[in-house]
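Values below: all heavy atoms of this structure, side chains included; hydrogens, waters and symmetry mates excluded. We count ligands from 1, going down the list as the structure has it; atoms in each ligand are counted the same way. Everything numeric here is computed off the predicted structure, so don't read it as measured data.
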Amino acid sequence: MDTKTAEREDNRKREWSLQDFEIGRPLGKGKFGRVYLVREVESKHPVALKIIFKEQIEKYKIQHQLRREMEIQSSLRHPNILRLYGWFHDDERIFLILEYAHRGELYRELRKHRRFTEQQAATYIASLTNALAYCHENHVIHRDIKPENLLLDHEGRLKIGDFGWSVQSRSKRHTMCGTLDYLAPEMVENKEHDYAVDNWTLGILCYEFLYGAPPFEAESQKDTFRRIMKVDLSFPSAPSISAEAKHLISRLLVKDSSKRLSLQKIMEHPWIIKNANPRGTCDI
Ligand code: AMP
């Protein structure tokens, strides 16, 4: 039995219940439930407990998808992917035991500081690129990065939060108050798409980290759609951003998905080499 399978077996053997946790403060509220900071009674280890109401899951008919996503996330081991240690349920709720991301949402930090330094931005982009490369190596596909899913641990290390429900939450974003800002042209057009949608999103995030707003932002969804389809990209003169950063962004925001820079090439890009902290940690 390989280590991964053994660990997975361990996860199954351990039957968790609410009694195993001391409930602390609420950490946030998501589409499907609430998240609390809790402490495992035995080890005193802090973890995040996500509570999902079964009714909601049934309403959106995503029981099977949630199950699959939970299996996948709990089998992944990467410093930039939030660990899912296990789960349990009662009659009404499903409880996910997640790694605790002490510094919370990356986007809250971005809004607070307006924009990141080139060192911070490069460190986050390198972390995301590494995590995506690991997913692809493990044949985990369709891992689109959603900005609201990026969390920071106590050292400022980026963690991709939950992986689930990408299809559902995306269609929700389309139809409801969601934003198109992070979607690749092939996705806003509902065309077939592959891994390369993530590379586009890396370009969008890189721009937003440096300039403080996504590149195709507009008054209406229709205008954002038009700007994405035209790849209407411009770099404001302020703040002053290095030519290398702009080069990387323009090599990712390419309409033809087969021509976007690969994950490997992102890691070798001079801007990443020069600016990213190899430890992946970031002081803000
Ligand atoms: P979600 O349901 O995943 O959208 O989570 C709702 C909110 O709870 C997030 O936006 C975070 O602010 C917070 N949160 C979720 N998971 C964690 C975690 N593992 N550690 C810290 N905060 C979290």
Which one of P46, G33, A101 has a non-hydrogen atom at the shortest distance from atom 21 (C) of ligand 1? A101

Evaluate the ring planes of F216 and W200, with Trp represented by its six-membered ring, and classify them as parallel (under 30°), tilted (30 to 60°) or perpendicular (over 60°). parallel

In this structure, are over 12 heavy atoms from other groups packed under 6.0 Å from E55 atom CD? no

For ligand 1, which atoms, with element, lie under 4.0 Å from some heavy atom of K29? 6 (C), 7 (C)

If you apply the rule salt bridge (charged side-chain N to carboxylate O under 4.0 Å, His left out), what do you find for R67 with E71, and how did you get there? CA-CA 6 Å; R67 175 95 208 173; E71 302 270 357; 3.4 Å; yes

Quick note on ligand 1: atoms under 4.0 Å from a heavy atom of L82 include exactly 19 (N)

For ligand 1, the portion of N149 having any non-hydrogen atom under 4.0 Å away: neither

From the candidates P26, G28, G104, the one that places a heavy atom nearest atom 7 (C) of ligand 1: G28

Examine the proximity of ligand 1 to L37 and report which part, side chain or backbone, both or neither, has a heavy atom under 4.0 Å away. neither

Ligand-residue contact atoms, ligand 1 with Y100, heavy atoms, under 4.0 Å: 20 (N), 21 (C)

Please confirm whether the backbone N or O of N277 pairs with a side-chain atom of T123, one donor and one acceptor, at under 3.5 Å? yes

What about F53 and F32, are their ring centers closer than 6.0 Å? no

Does one side chain, of Q221 or T224, offer a donor that lies under 3.5 Å from an acceptor on the other? no

Using a strict cut-off of 4.0 Å, indicate which atoms of ligand 1 neighbour a heavy atom of G30. 1 (P), 2 (O), 4 (O), 6 (C)

Report the part of A48 (side chain from C-beta onward, or backbone N, CA, C, O) that has a heavy atom under 4.0 Å from ligand 1; answer both or neither where that applies. side chain

Anything under 30° is parallel, anything over 60° is perpendicular, the rest tilted; go ahead and classify H78 against Y134. tilted

Tell me whether K50 reaches ligand 1 (any heavy atom closer than 4.0 angstrom to a ligand atom). yes

Salt bridge flag under 4.0 Å for residues R157 and E99: no

If I apply the N/O under 3.5 Å rule, does V35 come out as touching ligand 1? no

